[in-house]
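Data first, discussion second: the structure below is written as C-alpha cells.
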Amino acid sequence: MTEQQRFDERIAQEIAIEPQDWMPEEYRKTLIRQIGQHAHSEIVGMLPEGNWLTRAPSLKRKAILLAKVQDEAGHGLYLYSAAETLGCAREDIYQKMLDGKMKYSSIFNYPTLNWADIGVIGWLVDGAAIVNQVALCRTSYGPYARAMVKICKEESFHQRQGFEACMVLAQGSEEQRQMLQDAINRFWWPALMMFGPNDDNSPNSAQSLAWKIKRFGNDELRQRFVDNTVPQVEMLGMTVPDEGLHWNEASGHYQFSEIDWHEFNEVVAGRGLCNEERLAAKRKAWEEGTWVREAALAYAAKQNL
Ligand code: ACO
C-alpha cells in the first residue's frame with residue numbers, strides 16, 4: 001500500500017490524520033492556510049471588542065468582556081500551535097498576516113460604534129463562528145479537531161452572554177431598543193459573509209470537502225445560521241434587515257436575499273472600513289512588544305543553562 005493509499009483510507013474511515021503521519025503536500029498547505037487564517041481571526045477579533053473594555057456600562061459587563069477577549073487570545077494561541085504541528089513557524093505566518101499576505105475573517109473589519117455592538121458581536125458573530133466551528137470538531141486533522149472542542153465550549157459561553165446583553169437592551173428604553181436594532185442592521189449581513197463565498201464561487205471547498213477538512217459547504221452552514229437565528233431576532237422583538245426574508249414552507253428553511261458580494265470582495269481584498277486600522281494596531285503591538293519577546297527569550301535561555 002502506498003502512503004497516498006494509506007492516507008486516503010484513513011480519510012475514508014474517519015481516522016484522524018496526526019502530525020507524524022504522511023499527508024499530501026496540498027493537504028498540509030490547505031490546513032496551514034485555513035488554521036493560520038483562523039488563528040489570525042481570533043487575534044484580530046480582539047480589537048473591535050477591546051475597544052469597549054474601558055467603556056463597558058458596568059463592572060459586571062467589563063469583567064465579562066475582559067474574560068471573553070482573553071478567551072479569544074487563547075483560541076489564537078491554540079490555533080497557532082495546531083498550525084505549527086504542520087511544520088510552519090508561528091512567526092512566519094504571523095508576519096504574513098501583518099504584511100497583508102494572509103487573510104483573517106472579514107467580520108473584524110467593521111467598527112464597533114455603540115455598546116449594543118458588543119452584545120450583537122457575542123450573539124451573531126460568535127453564533128456564526130460556532131455553527132462553522134462545531135462542524136470543524138470533526139475535521140480530519142487531529143490537532144485542529146481537538147482544538148475546536150474547547151474553543152466551541154468557550155464560544156458557546158460568548159454567544160449566550162451576547163444574547164443576554166441584547167435581551168437586556170431589548171427590554172430597556174426606546175433608545176436602547178433602537179441602539180440594538182441599529183447594531184443588528186449593521187452586523188447581520190457581515191455575519192452572513194463570515195461563511196465565505198457561495199459554494200459555486202468557493203475555489204477551496206470541493207477539495208477541502210473531499211479531504212474532510214471542511215464537513216459542510218459554505219452555503220449549508222450559512223443557511224443553518226439563518227435558520228437558528230431568525231427566531232432569536234423575533235424573540236427579542238427586533239427585525240432582520242432583509243425585506244426579502246421569508247419562511248419557505250417547501251424547503252423548510254428561511255429564504256434570504258442575495259448577499260452584497262461586491263462588499264464582501266472589497267473587505268477581503270483589504271478595502272473594508274477598518275482593514276487599515278486593524279493591521280496598523282497589530283503592527284504597533286508587535287513592534288511595542290519586542291522587548292517582551294526578548295525578555296521572555298532571555299529568561300528561557302537562563303532557565304535552560
Ligand atoms: N473573510 C475573509 N476571507 C474569507 C472569508 C471571510 N469571511 N470567507 C472566505 N474567505 C477567503 C478564503 O480564506 C479563501 O481565501 P484564500 O484561498 O486566498 O486563502 C477565499 O476567500 C475563497 O473562499 P473559500 O474557497 O470558500 O475558502 P475556504 O474553503 O477556506 O472557506 C471558511 C472559508 C469557511 C472561512 C473556512 O476557511 C473556515 O471554515 N475557516 C475556519 C473558521 C474561521 O476561520 N473562522 C474565523 C472567524 S470566527 C472567529 O474568529 C471568532
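Atoms within each ligand, like the ligands themselves, are counted from 1 in listed order.
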I'd like to know whether ligand 1 has Q133 as a neighbour, heavy-atom separation below 4.0 Å. yes

Which heavy atom of the protein is the closest neighbour of atom 24 (P) of ligand 1, given with residue, atom name and distance? S202 OG, 3.4 Å

Below 4.0 Å from ligand 1: does a non-hydrogen atom of P197 turn up there or not? yes

Answer side chain, backbone, both or neither: which part of V125 comes under 4.0 Å from ligand 1, heavy atoms only. neither

I want to check a possible cation-pi pair here: R293 against W286, using under 6.0 Å from ring centre and within 45° of the ring axis as the test. yes

Side chain, backbone, both or neither: which part of F264 has a heavy atom under 4.0 Å from ligand 1? side chain

I want to confirm something. Looking only at heavy atoms, which of K101, E42, K103 is nearest to atom 18 (O) of ligand 1? K103

At under 4.0 Å between heavy atoms, what of N132 touches ligand 1? The answer is side chain

For S41, side-chain contact (heavy atoms from CB on, under 4.5 Å) partners two or more places apart: Y104, S105, F108

Under 4.0 Å to a heavy atom of K214 - the qualifying atoms of ligand 1, by number: 26 (O), 28 (P), 29 (O), 31 (O)

Mind checking whether F163 and W123 have parallel, tilted or perpendicular rings, split at 30° and 60°? perpendicular

Please lay out, stage by stage, how W188 and V120 fare under the test side chain to side chain contact (heavy atoms under 4.5 Å, CB included). CA-CA 9 Å; W188 177 260; V120 165; over 6 Å; no

Before you tell me yes or no, could you show the steps for R215 and L209 under side chain to side chain contact (heavy atoms under 4.5 Å, CB included), namely the whole-Å CA-CA distance, both residues' side-chain angles and the distance that decides it to 0.1 Å? CA-CA 6 Å; R215 304 305 308 232; L209 284 164; 5.8 Å; no

Does ligand 1 have any atom sitting under 4.0 Å from a heavy atom of F216? no

